[in-house]
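Reading through the structure tokens given below for one structure.
Just so we're on the same page: letters track the sequence lines, and every chain starts at 1. Computed from heavy atoms alone, side chains included, the values below leave out hydrogens, waters and symmetry copies.
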Amino acid sequence: MVRVRFAPSPTGYLHIGGARTALFNYLFAKHNDGKFILRIEDTDKERSTKESETEILESLKWLGLDWDEGPGKSADDSLYYQTRRLPVYHRHAEKLLSENKAYKCFCTKEELDAERKKAEAQKRAFKYDGRCGLLTKEQAAQKEADGMPYVVRVRVAQTGETIVNDIVRGEVKVQNSTLDDIIILRTDKMPIYNFVVVVDDVEMGITHVIRGEDHLSNTPKQIHIYKALGFPIPQFAHIPLILGADKSKLSKRHGETAVLRYKESGYLPEALVNYLALLGWSPDNEDTIFSMEQLISKFALERVHKSGAMFDNKKLTFINGVHIRNKSADELTKLCIPYLLKSGVITDDDVKNRHDFIKHTIVLQQEKLQVLSEISDLSAYFYKDDYDMNEDAKKVWEKNAGERGKVLEIFGKIISETGVDKAKLEERLKVDMEAAGIKPKVFMHVIRVVLSGTTMGPGLFDIAETFGLEKCMARIKKYGC
RNA sequence: GCCGCUAUCGUCUAACGGUUAGGACACGGGGUUCUCAAUCCUGUAAUAGGAGUUCGAUUCUCCUUAGCGGUACCA
């Protein structure tokens, strides 16, 4: 049974990179009928916050990456928060200590920092020499009795090499001599990441560790801890990093990277999932648009590739547009209403009383929408009366100064006689305008700018019909003769 | 500095050692159209450099270069 996990530390929002890691874990689990587990790595007490955790959970849910085990999924949530599992880590640390696979190190952070600096100045690699590991039992006991603070380190053999067997990268070899003894417990007894991750992955029965490439260099250390603990080593898969425009790891300084910001901007979760899946992975065909179900059935770690991928908002936006076009009228309406409300284009009363009208105006813009938030600017003129022509519209207006009066006169006459039914309107308008010797391009453009105040938008007859007779007449009056 | 990873169009990527190096986004041209969009057709554009193995290398090996990641009592 495949068991994978996503293990964020609640020190900030869920960003694009974390979301992609979660997604790959999720897809792999679901593809293999396995379990996707969520664990909160909150051992950094300084930086962890409840707000971050809440946002991360909300982001995952929004993306549709619901977890099988984790917070909110069992009677006892404490299993999934590392700060609530401290006795577990301490038990394993005690065992290592008693087996002499770990030792107490009394060197202070200050001492070590000084040595590190010195080594750096001499352009030497710094490595802890393991001197406290040479202390006799009595010496160590004495120091402890003297009240000296200590960390716990796991001994690392200095000969031979450690091989990380990685599904995406193959064999990665590291000389053990480049590793130093690994700190697993701080002076305040809080366990360190490299230790808790191993203990938890084993205790939770994790079979595949899928995470970002930035963890690759930690892996040899973790393998040493697995071995010291006598634990089986899981399969590793280190996925390529997502990069910003400058090719460095995507981070806050590259602008908005929070998943929830994408939600606010009007991106669909299925579009973000679709795009993220294509970053570092590719299907065995040339398709680009996928639903979650399709991704699950196609996903394979073997097709994850090795190099980092730049995040391209343009492609995300394109994919978002495709998913928007695939929405039904009702779904799209539901999705757009919050944006219309937020921008003040419509009110809660409108939602109650003019639902069909709102739906109609949204559907008119469906094929044009790339992100949901654009709906407000695109359809504002359906909801207000006091708007003027924009610059482009004025140009069209001026350009047709010769015919515009006549156009409006005929248009006004037609709608007052036959109404604004779009089929009838189109038919009569063409006939009458031709009789008056006015070309379609001219009258269409003139009527369009008068009605909407802009040069682009849905079909002219759709606009007129949606406006209704009264509003059309008001617009004619505003610009008419 | 040291350790590790990576290298195909501008970007995301495909290609049992044999292809006119394919697709997608973006960009350009054209068809359709009342505009924009959508849609259809179409164009520009890539194997970082150098050795080697091989009949044949984008693909395997080595070197160089470049980029990235790690180098914490962060995760």
Can you measure [X] atom [atom1] to [N] atom [atom2] for me and round it to whole angstrom units?
X         : N      : atom1 : atom2 : value
Phe311(A) : A26(B) : CZ    : P     : 15 Å
Ile319(A) : U11(B) : CD1   : C1'   : 12 Å
Asp377(A) : A37(B) : CG    : C1'   : 16 Å
Arg253(A) : C68(B) : CZ    : P     : 9 Å
Lys45(A)  : C73(B) : NZ    : P     : 17 Å
Trp281(A) : G23(B) : CH2   : P     : 19 Å
Tyr81(A)  : A75(B) : OH    : C1'   : 17 Å
Arg169(A) : G4(B)  : CZ    : C1'   : 10 Å

In whole Å, measure the gap between the [atom1] atoms of [N] and [M] for me.
N      : M      : atom1 : value
G30(B) : C63(B) : C1'   : 49 Å
A21(B) : C9(B)  : P     : 16 Å
U8(B)  : C3(B)  : P     : 25 Å
A66(B) : U20(B) : C1'   : 31 Å
A46(B) : G4(B)  : P     : 34 Å
G43(B) : U58(B) : P     : 25 Å

So which nucleotide from [options] ends up closest to the side chain of [X]?
X         : options                : result
Met310(A) : C25(B), C68(B), U11(B) : U11(B)
Thr455(A) : G1(B), U35(B), C74(B)  : U35(B)
Ser9(A)   : C34(B), G4(B), A75(B)  : A75(B)
His305(A) : A26(B), G69(B), U13(B) : U13(B)
Val151(A) : C73(B), C3(B), A75(B)  : C73(B)

Over 12 foreign heavy atoms within 6.0 Å of CD, Glu427(A): no
Residues, nucleotides or ligands: over 12 heavy atoms within 6.0 Å of Glu144(A) CD: yes
Base-pairing assignment for [N] (Watson-Crick or G-U wobble, both under 3.5 Å):
N      : value
A38(B) : none
U71(B) : G1(B)
A14(B) : none
A66(B) : U6(B)

Partner of Glu426(A) by salt bridge (Lys or Arg N to Asp or Glu O under 4.0 Å), out of Lys430(A), Lys424(A), Arg428(A), Lys422(A):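 For Glu426(A), the salt bridge (Lys or Arg N to Asp or Glu O under 4.0 Å) test succeeds with only one of Lys430(A), Lys424(A), Arg428(A), Lys422(A), which is Lys430(A).
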Test item: side-chain donor near acceptor, Tyr103(A) and Asp181(A), under 3.5 Å: yes
Quick check on [N]: is either OP1 or OP2 less than 4.0 Å from any side-chain nitrogen or oxygen of [X]?
X         : N      : result
Arg116(A) : C2(B)  : no
Ser248(A) : C68(B) : no
Arg303(A) : A15(B) : yes
Thr43(A)  : A75(B) : yes
Lys441(A) : U33(B) : no
Lys306(A) : U6(B)  : yes
Arg325(A) : U39(B) : yes
Arg186(A) : A75(B) : yes

Minimum side-chain heavy-atom gap Phe299(A)-Val304(A) below 4.5 Å: yes
Aromatic ring proximity, centroids under 6.0 angstrom, Phe411(A) and Phe443(A):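 No; Phe411(A) has its ring centre 6.0 Å or more from that of Phe443(A).
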Phe6(A)/Trp67(A) aromatic ring centres below 6.0 Å: no
With a 4.0 Å cut-off on heavy atoms, is [X] in touch with a base, just the backbone sugar-phosphate, or nothing at all?
X         : value
Leu460(A) : base
Lys109(A) : base
Lys315(A) : base
Ser307(A) : sugar-phosphate

Considering all heavy atoms, the nearest Leu451(A)-Leu460(A) contact: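 Where Leu451(A) meets Leu460(A) most closely, the heavy atoms are CD1-CD1, 4.2 Å.
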RNA chain B: 5'-proximal contact among Leu243(A) and Glu367(A) (nearest heavy atom):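 Between the two, 5'-proximity favours Glu367(A).
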Earlier contact from the 5' end, RNA chain B, for Arg153(A) and Lys249(A): Lys249(A)
